[in-house]
**Student:** 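Would you mind keeping the following structure in view while I ask a few things?
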Amino acid sequence: MAKIQPVRGTHDILGATAAGHRHVVAAAAECARRYGFADIDTPIFEFTPVFARTMGEGSDVVRKEMYTFTDRGGDEVTLRPEFTAGICRAFISGGLQQDLPLKFFAHGPAFRYERPQKGRLRQFHQIDAEILGVEGPQADIEVIALGADILDALGVLDRCRLELNTLGDPESRRDYRAALVEYFLDHKGQLSADSVDRLERNPLRILDSKDDGDRRIVADAPTMEAYLNDASQAFFAAVREGLEAIGVGYRLNQRLVRGLDYYTHTAFEFVTDALGAQGAVIAGGRYDGLIEMLGGPATPGIGWAGGIERLAMLADHQPAAARPVAMVPVGPEAQREALRLTHQLRRAGLVVDLGFRGNLGRRMKRADRLNARAALILGEDELAKGTITLRDLDSGEQSEVPVDQVEARLRQLDGSRGE
RNA sequence: GCGGGUGUAGCUCAGGUGGUUAGAGCGCCAGAUUGUGGAUCUGGAGGCCGGGGGUUCAAGUCCCCUCACUCGCCCCA
C-alpha cells in the first residue's frame, strides 16, 4: 500500500454528498416524529451472538459478511450489520416491556463485508423504524405508511413501488417451507448450483432467483397462499385493507421473501428501477419471534430499514446554497474590528464569512466564489468614521452605513440571510 | 467468493502500428489592476502515466502479477 487510502467499500462523505445524506435523515426523522416515533441510538457494535442468533446462522450475512473481532478483553464483538437486533437487545437490557408499545426511529452506519457496487458499500448508512409490542396489523400498516411518507417527503415515491407479501405465522411458514423443499427436491437436477445450495439453507430464497432455469421451475412451485392458515390469512387481509384505506398502493409479490430468519407475516420492500441492481430502498417485515430468540419476553415486532446512500442518490437533493455576507477588512486595525463585528453578526444569526488572509482583491474574489450576497468593506476610512462600506454584490451598488445599522441593512437584502 | 470494464495533473479527459524534455480544458497561484469581485489577456506551479516484475537499444503504449475504482452474480439497505 504505497498511498494511504480508505478501506475498500468505505467513503469519505463530504460536500454535496454529506448534504444529501443529512437531507434524507432530516426528512425521515421529521416524518417519524409526526408518527410518534422516539429516537434511539444503540451502540454500533454488540456481542456477536446478538446478530448471529437473530439473523440466522445460515444466512449469508452471518456466515461471511460480518465484521467480527475479539476485543482486548477477549470478548467476541461484531460491528452491526443491521439495526433491528441491536434495538431488540436494548429493549431487553433496558427492561422496557412495561412501556410497550414502543416506536423507535434510528439512523447511522452499518457494516457488511461485501463486494462493493452501486449503492452497496462495506460501511453504509441506514434509517430505521421499529414498532415493538403490537400484535395486530395496525402496526404493519403504520410502519409501511411511514415508509411511504418518507419517500414522498423526499420526492421519490413516484419512482418506487411497494411490493408486499406474507410469510405467514411460524406454523404456516414451516408447512410451506416443507412443501417447497419437497417440490424442489423433485426438480433438483434442473436447479442452478446456487439454488441447490439454497435448498439446504434457505429454500424460500429460490423463489427470488434470477436464473432463467430456476424461474421456470419456480413458476409451478407451490405458493405461500395455499399454505396460510386462517389466522395468517386474516392478518394479511387486514394489512391490505388498511393500506387501501389510506391510499398506499402496493403490488403483491409472492416471490418476495426475506433473507433473515426472524421474519414472519408481513414482508415488504419499496423498490426502484432507477439504481441498477440495488433496487430495494426500504425493506422490512414482521419479526414476532426475535425478542424471544434473544432471551427476552415474547414480544412482537415489525420494522424496516432504508439505505441512506440509495435514497440520497434517488432524491438528488440540491441544497439551497446559503448566501453568506463577506467581511472584508483592509489593514491590521480593521481586522480587529472586523473580527468583533463578524462575531456580533454571527451571534445575531447571519451567515458571515471572514477569510483568514489576503488583501482586498483576494478577499473580494473569495466573496464572489462563495456566492456572497454582499461584502462589508472595512478600512481606515470607515474605521475613522464609524461606518462600513456595504457592497451589494448582485447590483454592484455600494454605500457607507453606520456600523450600528449594518445588521438591519443586511436583513433588507433579499436572499442574504441564509439563516 | 465469481465474472466484465477502467486506472495519465486537484477534476474531466487526449496521447494510431513502442521512438527525444507526457498534453488540453477546467480549477489553483501570480501579474496586467499596490481600497473593490465576476469578464479578458499573460505567465507560473502542479505527473515515480495506480504499484511491481518482464520483453526491448527504447514502454504511458506490449506481456504477467498485484492493488484500487466501477458494473454485474451471490446477498442485501
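Just so you know, these numbers come straight off a predicted model, no measurement behind them. The chains referred to below are lettered A, B, ... by the order of the sequence lines, with proteins before strands, and numbering in each begins at 1.
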**Student:** In whole angstrom, give the distance that lies between atom CG of A:Leu275 and atom P of B:C75.
**Tutor:**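 Rounded to the whole Å, the gap is 20 Å.
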**Student:** In whole Å, what separates the P atom of B:A68 from that of B:C57?
**Tutor:**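 My reading of the P atoms in B:A68 and B:C57 gives 35 Å.
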**Student:** Whether the A:Glu382 and A:Thr389 side chains hold a donor-acceptor pair (N or O, under 3.5 Å, no angle test) is what I'd like checked.
**Tutor:**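 Distance-only check passes for A:Glu382 and A:Thr389.
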**Student:** When all nucleic acid strands are considered with a 4.0 Å heavy-atom cut-off, which category describes A:Gly119: base, sugar-phosphate, or nothing?
**Tutor:**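 Here A:Gly119 touches the bases of the nucleic acid.
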**Student:** Between B:C76 atom P and A:Phe83 atom CZ, what is the distance in whole Å?
**Tutor:**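 The distance from CZ of A:Phe83 to P of B:C76 comes to 18 Å, rounded to the nearest Å.
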**Student:** In Å, rounded to the nearest 0.5 Å, how long is the span from CZ of A:Phe124 to NE2 of A:His11?
**Tutor:**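 Atom-to-atom, A:Phe124:CZ and A:His11:NE2 are 13.0 Å apart.
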**Student:** State whether a side-chain donor-acceptor pair under 3.5 Å links A:Thr266 with A:Asp140.
**Tutor:**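 Distance-only check passes for A:Thr266 and A:Asp140.
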**Student:** Got a second to check how far A:Phe268's CZ is from A:Tyr250's OH, nearest 0.5 Å?
**Tutor:**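 The OH atom of A:Tyr250 is 14.5 Å from CZ of A:Phe268, to the nearest 0.5 Å.
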**Student:** What's the gap between B:U8 and B:G60 when it is taken at their P atoms, as a whole Å value?
**Tutor:**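 These two P atoms come out 15 Å apart once rounded.
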**Student:** Could you state the CG-P distance from A:Leu14 to B:G10, rounded to the nearest angstrom?
**Tutor:**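 Interatomic distance, CG of A:Leu14 to P of B:G10: 17 Å.
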**Student:** Could you work out the separation of B:A30 and B:G46 based on their P atoms and round it to a whole Å?
**Tutor:**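 Looking at atom P only, B:A30 and B:G46 are 16 Å apart.
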**Student:** Roughly how far apart, to the nearest Å, are B:G10 and B:U42 at atom P?
**Tutor:**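 Nearest-Å result for B:G10 against B:U42 at atom P: 24 Å.
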**Student:** Expressed in angstrom and rounded to an integer, what is the separation of A:Asp12 atom CG from B:G10 atom C1'?
**Tutor:**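 Rounding to the nearest Å, CG of A:Asp12 and C1' of B:G10 are 15 Å apart.
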**Student:** Any chance you could list the contact pattern along nucleotides 34-41 of chain B? Use B for base contacts, S for sugar-phosphate-only contacts and - for none, protein heavy atoms under 4.0 Å, 5' to 3'.
**Tutor:** -BBBB---
**Student:** Is the A:Phe37 to A:Phe105 ring centre distance short of 6.0 Å?
**Tutor:**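 Ring-ring flag for A:Phe37/A:Phe105: false, centres at least 6.0 Å apart.
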**Student:** Between B:G7 and B:G16, how far apart are the P atoms? Round to whole Å, please.
**Tutor:**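 Taking atom P in both B:G16 and B:G7, they lie 13 Å apart.
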**Student:** Using whole Å, what does the distance between atom C1' of nucleotide B:A32 and atom CZ of A:Arg362 come to?
**Tutor:**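 Taking atom C1' of B:A32 as the reference, CZ of A:Arg362 is at 17 Å.
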**Student:** For A:Tyr183 and A:His187, take the angle between the two ring planes, folded into 0 to 90°, and tell me which bin it lands in: parallel under 30, tilted 30 to 60, perpendicular over 60.
**Tutor:**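 Aromatic pair A:Tyr183/A:His187 classed tilted.
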**Student:** Assign the ring pair A:Tyr67 / A:Tyr113 to parallel, tilted or perpendicular, where the plane angle (0 to 90°) is split at 30° and 60°.
**Tutor:**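 Taking A:Tyr113 first and then A:Tyr67, their aromatic rings stand perpendicular (interplane angle over 60°).
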**Student:** Taking only residues two or more places apart in sequence or in another chain, which ones pass ring pair (Phe, Tyr, Trp, His ring centres under 6.0 Å) with A:Tyr287?
**Tutor:**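 Scan of A:Tyr287 (ring pair (Phe, Tyr, Trp, His ring centres under 6.0 Å), adjacent residues dropped) gives A:Tyr262.
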**Student:** By ring pair (Phe, Tyr, Trp, His ring centres under 6.0 Å), which residues pair with A:Phe45, not counting sequence neighbours?
**Tutor:**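 For A:Phe45, no residue satisfies ring pair (Phe, Tyr, Trp, His ring centres under 6.0 Å) once neighbours in sequence are set aside.
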**Student:** Just the dot-bracket of RNA chain B, please: which string comes out with Watson-Crick or G-U pairs under 3.5 Å, [ ] for crossing, | for another strand?
**Tutor:** (((((((..((((.....[...)))).(((((.......))))).....(((((..]....))))))))))))....
**Student:** Enumerate the residues from residues 22-30 of chain A whose closest heavy atom to RNA chain B is under 4.0 Å, giving them by residue number; use none for an empty result.
**Tutor:**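 Per residue number, the list is empty: none.
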**Student:** I need the full list of ring pair (Phe, Tyr, Trp, His ring centres under 6.0 Å) pairs touching residues 334-385 of chain A, with sequence neighbours left out, sorted by first then second residue.
**Tutor:**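 Found none.
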**Student:** Protein within reach of the bases, or only the backbone? For nucleotides 65-70 of chain B, mark each nucleotide 5' to 3' as B, S or -, using heavy atoms under 4.0 Å.
**Tutor:** --SSSB
**Student:** Taking only residues two or more places apart in sequence or in another chain, which ones pass ring pair (Phe, Tyr, Trp, His ring centres under 6.0 Å) with A:His107?
**Tutor:**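 Here no residue qualifies.
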**Student:** Over how many whole Å does the gap from A:Arg122 atom CZ to B:C76 atom P extend?
**Tutor:**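 One finds 17 Å between P of B:C76 and CZ of A:Arg122, rounded.
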**Student:** Who passes ring pair (Phe, Tyr, Trp, His ring centres under 6.0 Å) against A:Phe47, sequence neighbours left out?
**Tutor:**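 Here no residue qualifies.
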**Student:** At less than 3.5 Å, do the side-chain atoms of A:Arg120 and the base atoms of B:C71 form a donor-acceptor pair?
**Tutor:**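 No.
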**Student:** Determine the interatomic distance between P on B:U6 and the same-named atom on B:G23; round to the nearest Å.
**Tutor:**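 The same atom, P, in both gives a distance of 26 Å.
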**Student:** List in chain and number order the residues that pass side chain to side chain donor-acceptor pair (under 3.5 Å) with A:Arg161, two or more places apart in sequence or in another chain; answer none if no residue qualifies.
**Tutor:**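 Side chain to side chain donor-acceptor pair (under 3.5 Å) list for A:Arg161, sorted by chain: A:Glu163.
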**Student:** Any salt bridge (charged side-chain N to carboxylate O under 4.0 Å, His left out) pairs touching residues 400-409 of chain A, not counting sequence neighbours?
**Tutor:**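 Qualifying pairs, neighbours excluded: A:Lys385-A:Glu400, A:Glu407-A:Arg411.
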**Student:** Between B:C65 and B:A77, how far apart are the two C1' atoms, rounded to whole Å?
**Tutor:**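 Nearest-Å result for B:C65 against B:A77 at atom C1': 36 Å.
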**Student:** Rounded to whole angstrom, note down the P distance from B:G50 over to B:C13.
**Tutor:**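 Roughly 15 Å separates the two P atoms.
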**Student:** Would you tabulate the side-chain donor-acceptor contacts of residues 344-354 of chain A under 3.5 Å, counting partners in other chains and residues two or more places apart, or write 'none'?
**Tutor:**
| from | atom 1 | to | atom 2 | distance (Å) |
| --- | --- | --- | --- | --- |
| A:Gln344 | OE1 | A:Arg340 | NH1 | 3.1 |
| A:Arg346 | NE | A:Val352 | O | 3.0 |
| A:Arg346 | NH2 | A:Val352 | O | 2.9 |
| A:Asp353 | OD1 | A:Arg366 | NH2 | 2.9 |
| A:Asp353 | OD2 | A:Arg366 | NE | 2.9 |

**Student:** What is the distance from CG of A:Leu151 to C1' of B:A77, rounded to the nearest Å?
**Tutor:**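 Interatomic distance, CG of A:Leu151 to C1' of B:A77: 12 Å.
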**Student:** With a 4.0 Å cut-off on heavy atoms, is A:Ala280 in touch with a base, just the backbone sugar-phosphate, or nothing at all?
**Tutor:**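 A:Ala280: backbone/sugar contact only, no base atoms under 4.0 Å.
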**Student:** To the nearest Å, how far apart are A:Arg112 CZ and B:G1 C1'?
**Tutor:**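 Nearest whole value for this atom pair: 17 Å.
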